[in-house]
Student: 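First the structure, which I've put down as structure tokens, then a few questions once you've had a look.
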Amino acid sequence: MTARTPASGGAPIIDADGIGRTFTRSEGPLFRRRRRTVTAVRDVSFQVTAGEIVGYLGPNGAGKSTTMKMLTGILSPSAGRLRVTGLEPSRQRTRLAARMGVVFGQRTTLWWDLPLRDSLALTRHMYRVPARDHARRLAELTELLELGPFLATPVRQLSLGQRMRGDLTAALLHDPALLVLDEPTIGLDVVSKSTIREFLLRLNAERGTTILLTTHDLGDVERLCRRVIVIDHGSLAFDGDLAALRDGAPSPRTLVVDLAAPSEPIEVPGARTVRVRGTRQWLELDGNPAAVIADVSHHYAIADLTLNEPDIEDVVARLYRREGAARELSAG
Amino acid sequence: MRVYLTAFGCAVRRYSTYRAATFAGVVTNSVFGLINAMVLLALFEARPQINGYDATDAVTQVFVAQAVIGPIAIFGPPLDLSERIRTGEVAVDLLRPVHPVLWWLATDLGRAAFSTVFRSVPTFAVGMAAFELALPADPLRWVAVAAAFALAVLVGFALRYLYALAGFWLMDTRGVHAVVFLLAPFCAGHLLPLTLFPEALAGVLRVLPWASLVQVPAEILLGKDSLPGGSTLGGLCFQAAWAAALLALGAVLTARATRRVVVQGG
């Protein structure tokens, strides 16, 4: 892949300034319906610079998808100012589409009944890509994403991993400066996830494509994102390094112990038993896992041990709880 | 423009993969054509002339109606747009740098083109083999018939586009489709030629857009003066006016919908 010429002037590729979105919803049974205003996103500001990979995280219902829809121009913000590659997404959606690739992991842009190749050919006319450029990029992407074996297969017969690679290709054939991914690895197996992550890293490193992604997958975040933005209840909760997020809201590792026989809660230094069910016990680790494991296996008869790394969801959930507590304190 | 042509081509290829459904469509349309024709022949046995129609005219209209079922989709299916609005898939469509009306028109014309060749032609051939149909000798009239057919397809699309578009406000248009696919064949002159209805009712149905789908093309084929304006040209203008009005309404409502759209699902 040849490198993209660096964006001039270092203007942010995404510039969100206090954006918000409210919905009016009708609720209740057929009669006696009430209208209620729901705030999905409230006063969110952030900037993304060309060449970054940014993870946009938050629990279900936090406002991630609403933000994605505003960034791509499907929804217009009800408050604030939003610019993506210098354009106002909802007003200039068609022009923006030429500069941006979008993949919604749970949806597809490919034609269900036709060979993958046909959908990819259609994108050439859709984005008015010169035939030679299209052919060259298709060849590159075919090689990198190993599309060769199933280019002639109808999309409905593709596995989820293959379909996702097809969708990524469709989003990238017009060589967009910005790639927006909404849960790109959802439902994929380990190998497919890894293929897609390595591809995205390479795309970012070699072509300088800016990537913004939402995900619930720890692996995606750890492998891809230097920077994360966390949104909770529609508001920005964190924006910074992944490492700083971890340090700011440390989450202990958990040791799951299967004992040979039921016992009282395990007591060893450097760990706290948080849950007991039959012969299985959960220990939160404060200290060195190796020492705790040695201690536990020395004092108890053990059938099995599993060490669970904290996942980003835990870290984020702790952050929310802290935010919630802080809000209550300041309100009190 | 190229993108719409390519989308048209994709749609033709897509429908060509549904072979069994196409064959079943021809059989169903032909069999119902034979039944309807025999019912009308029995009626005309009792009254050889009804409001300017004779038995041959009526049977001809039956097979026009049966032949256009596929291309104008008078009994459905709804446009895929409808289901895509319900599930939120429409988000993906809105990201494409194309005009939604033209995009969906291109894909529906692809479907209609395939259907014309593989459903309309065989169904009409069955009618020609089984009955004596009133077919024009004048080649110019055949040109008018082709134009009327193309306009019927256009109106058929525009109507179904509007039914589907209602989904942006209603969230689910399955109810809308259930009602319109029941009423449209009645209003279009598909169930029975509008000629056979009481004058007052026929008068109302003749000015509604659905008349463009079957009644007007059939009367252009038969060369009837009950057409709008009393002539073939009047009939074509009537269809063209409805097509333009409905497509324009579709375009306006699309702009509205996408401004205040609620795309469902996370």
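A note on names: the letters A, B, ... follow the listed sequences, proteins ahead of strands, and every chain is numbered from 1.
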Student: Counting C-beta onward and ignoring hydrogens, is there a side-chain heavy-atom pair between A:R128 and B:V3 closer than 4.5 Å?
Tutor: no

Student: Taking the side chain as every heavy atom from C-beta outward, state whether A:M126 and B:Y4 have any pair of such atoms under 4.5 Å apart.
Tutor: no

Student: In sequence, state the C-alpha distance, the side-chain angles, and the governing distance for B:Y18 and A:D113, and then conclude on side-chain hydrogen bond (donor to acceptor under 3.5 Å, both in side chains).
Tutor: CA-CA 9 Å; B:Y18 309 149; A:D113 299 301; 2.2 Å; yes

Student: Which value, rounded to the nearest 0.5 Å, describes the distance between B:T107 atom OG1 and A:W111 atom CH2?
Tutor: 5.5 Å

Student: Let's go through B:L95 and A:I74 carefully: what are the C-alpha distance in whole Å and the side-chain angles of both, what is the deciding distance for side-chain contact (heavy atoms from CB on, under 4.5 Å) to 0.1 Å, and is it a yes or a no?
Tutor: CA-CA 7 Å; B:L95 291 170; A:I74 302 172; 3.8 Å; yes

Student: Determine whether more than 12 heavy atoms belonging to other residues, nucleotides or ligands lie under 6.0 Å from atom CZ of B:F181.
Tutor: yes

Student: Would you indicate whether B:F75, at its atom CZ, is surrounded by more than 12 heavy atoms from other residues, nucleotides or ligands within a distance under 6.0 Å?
Tutor: yes

Student: Ignoring hydrogens and geometry, is there a side-chain-to-backbone donor-acceptor pair from A:R93 to B:L94 under 3.5 Å?
Tutor: yes

Student: Got B:V90 and A:R107 here, is their nearest side-chain heavy-atom distance under 4.5 Å?
Tutor: no

Student: Taking side chain as everything from C-beta outward and backbone as N, CA, C, O, which of these in A:S90 sits under 4.5 Å from a heavy atom of chain B? Side chain, backbone, both or neither.
Tutor: neither

Student: So, taking the atom named CZ in B:R96 and the one named OG1 in A:T94, what distance separates them when rounded to the nearest 0.5 Å?
Tutor: 13.0 Å

Student: Can you name the closest pair of heavy atoms from B:R84 and A:T108 and give their distance?
Tutor: NH2-O, 3.8 Å

Student: Output the distance between atom CG (B:D93) and atom OG1 (A:T109), rounded to the nearest 0.5 Å.
Tutor: 7.0 Å

Student: Using non-hydrogen atoms and a 4.5 Å limit, figure out which bit of A:L122 sits close to chain B: side chain, backbone, both or neither.
Tutor: both

Student: Evaluate whether atom CZ of A:R42 has more than 12 neighbouring non-hydrogen atoms of other residues, nucleotides or ligands under 6.0 angstrom away.
Tutor: no

Student: Report the C-alpha distance between A:H125 and B:V98 in whole Å, list the side-chain angles of each, state the deciding distance to 0.1 Å, and finish with yes or no for side-chain contact (heavy atoms from CB on, under 4.5 Å).
Tutor: CA-CA 10 Å; A:H125 300 295; B:V98 293; over 6 Å; no

Student: Heavy-atom count check: over 12 atoms from other residues, nucleotides or ligands less than 6.0 Å from A:R91 CZ?
Tutor: no

